[in-house]
Amino acid sequence: QQDNLLLLWSLTVSIFGIGGLLGSSGSRYLTVKFGKKKCLLCNNVLMIVAASVMGCSKISQSFEMILIGRFMCGVSLCVPLHHQYVGEISPRKLRGFANSTSSFFWTLGKAIGQISGQRELLGSQALWPVLMASCGLPALVQLVTLPFFPESPPYLLMQKGDQEGCKKAIRQLWGEGQHQAEIDDIMKEKATMKNTKILSVLELVKEPAFRWQLYMIVTLTATIQLCGINAV
């Protein structure tokens, strides 16, 4: 029936956001406990599994596999690790530029997906499973290359207290040289964090000092979601 079909399509679109809510909610605990590199690797595995599930949905004749794959994609993509990891492993003079690349490539990926989804390319009845599974290709590339990168230096120093590991990671990333200024900055940040209370989501909502900023962020985010970008 048409109503049931509309409900399924709506659920397929929105379940990505539900997975994203779950992924973003647990991101802080996971990154502190396991580190950004390990979490990124797990994200890549999850994305490859999601791509495989969605790619096999036509053969299995199961729309539920698309729902499961979309949910897993939401969990994987909405754990905010990429820009954090890229920013922390970048030299200070390139940190702003490196952080901005995440938004650029996010938008570029959406554009490529829209173009690839045309009927003349991968949007045909025969090739749409390939389009659904294509999200696993970037994850596979990152899964193969990321083990050659070190863990984030700030994580090693601030969370693990491993100063030698931090120095080794910095030398591997930025080459030999004098990097004591960057290490001192991380130590200052660590000292500042000790005297700063980290608020939970509920405490943040109740805190009057952040109320107007929170209202602004919620309004902007809701506007982006309601503009129809997810439906596209």
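Here the structure is a predicted model, which means the values were calculated and not measured.
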| message | Please report the interatomic distance OG(Ser14) to CD1(Ile18), rounded to the nearest 0.5 Å. | response | 5.0 Å
| said: Using every non-hydrogen atom in the two residues, find where Gly117 and Leu131 come nearest and quote the distance to one decimal. | reply: CA-CD2, 3.6 Å
| query | How many angstroms lie between atom CE of Met54 and atom OG of Ser134, to the nearest 0.5 angstrom? | reply | 8.0 Å
| task | Grab the two heavy atoms, one from Val49 and one from Met72, that are nearest each other, plus how far apart they are. | result | CG1-CE, 3.4 Å
| Hey, is the main chain of Thr31 close enough, under 3.5 Å, to the side chain of Lys38 for a donor-acceptor pair? | no
| Rounded to the nearest 0.5 Å, how far apart are CD1 of Ile66 and SG of Cys56? | 11.5 Å
| field | Test item: Lys168 and Pro150 side chains (from C-beta on) under 4.5 Å apart, heavy atoms | value | no
| message | For Glu151 versus Phe34, what's the shortest heavy-atom pair and its separation? | response | OE1-O, 4.2 Å
| query | Short question: side chain of Arg119, backbone of Ser124 - any donor-acceptor pair under 3.5 Å? | reply | no
| message | If you compare all heavy atoms of Arg70 against all heavy atoms of Phe16, which two are closest, and at what distance to 0.1 Å? | response | NH2-CB, 3.3 Å
| message | Quick one, Leu157 with Asp162, criterion side chain to side chain contact (heavy atoms under 4.5 Å, CB included). Give me CA distance, side-chain angles, the key distance, then yes/no. | response | CA-CA 5 Å; Leu157 188 56; Asp162 186 2; over 6 Å; no
| query | Does Leu11 belong to the same Ile/Leu/Val/Met/Phe/Trp/Tyr cluster as Val75, with side-chain heavy atoms less than 4.5 Å apart forming each link? | reply | yes
| remark: Minimal heavy-atom distance between Trp174 and Ile89, with the atoms involved, is NE1-O, 2.7 Å
| query | Hey, does Leu121 have a side-chain heavy atom less than 4.5 Å from the side chain of Ile115? | reply | yes
| request: Report yes if some heavy atom in the side chain of Pro138 is under 4.5 Å from a heavy atom in the side chain of Phe105; otherwise report no. | output: no
| Separation of Ser76 OG from Asn44 CG (nearest 0.5 Å) | 7.0 Å
| Given the rule that I, L, V, M, F, W and Y join up when any side-chain heavy atoms are under 4.5 Å apart, are Val141 and Phe148 in one cluster? | no
| query | Side chains of Leu122 and Trp128: does their closest heavy-atom pair fall under 4.5 Å? | reply | no
| task | Could you check Lys36 against Glu88 for salt bridge (Lys or Arg N to Asp or Glu O under 4.0 Å), going step by step and ending with a plain yes or no? | result | CA-CA 10 Å; Lys36 295 179 176 64; Glu88 290 181 2; 3.3 Å; yes
| remark: All heavy atoms of Ala169 vs all of Leu156, minimum pair found to be CB-CD1, 3.9 Å
| request: Taking the side chain as every heavy atom from C-beta outward, state whether Thr12 and Phe63 have any pair of such atoms under 4.5 Å apart. | output: no
| Test item: Ser116 side-chain N/O and Gly113 main-chain N/O as donor-acceptor pair under 3.5 Å | no
| field | Test item: Gln118 side-chain N/O and Gln114 main-chain N/O as donor-acceptor pair under 3.5 Å | value | yes
| said: Nearest 0.5 Å, please: how far is CG in Leu41 from CZ in Phe149? | reply: 11.5 Å
| said: Within this structure, what is the OH-CG distance for the pair Tyr85 and Leu146, rounded to the nearest 0.5 Å? | reply: 5.0 Å
| task | State, yes or no, whether a side-chain contact exists between Ser57 and Ser62 at a heavy-atom distance under 4.5 Å. | result | no
| query | Do the side chains of Ile15 and Val53 join up, straight or via other hydrophobic residues, at under 4.5 Å, putting them in one cluster? | reply | yes
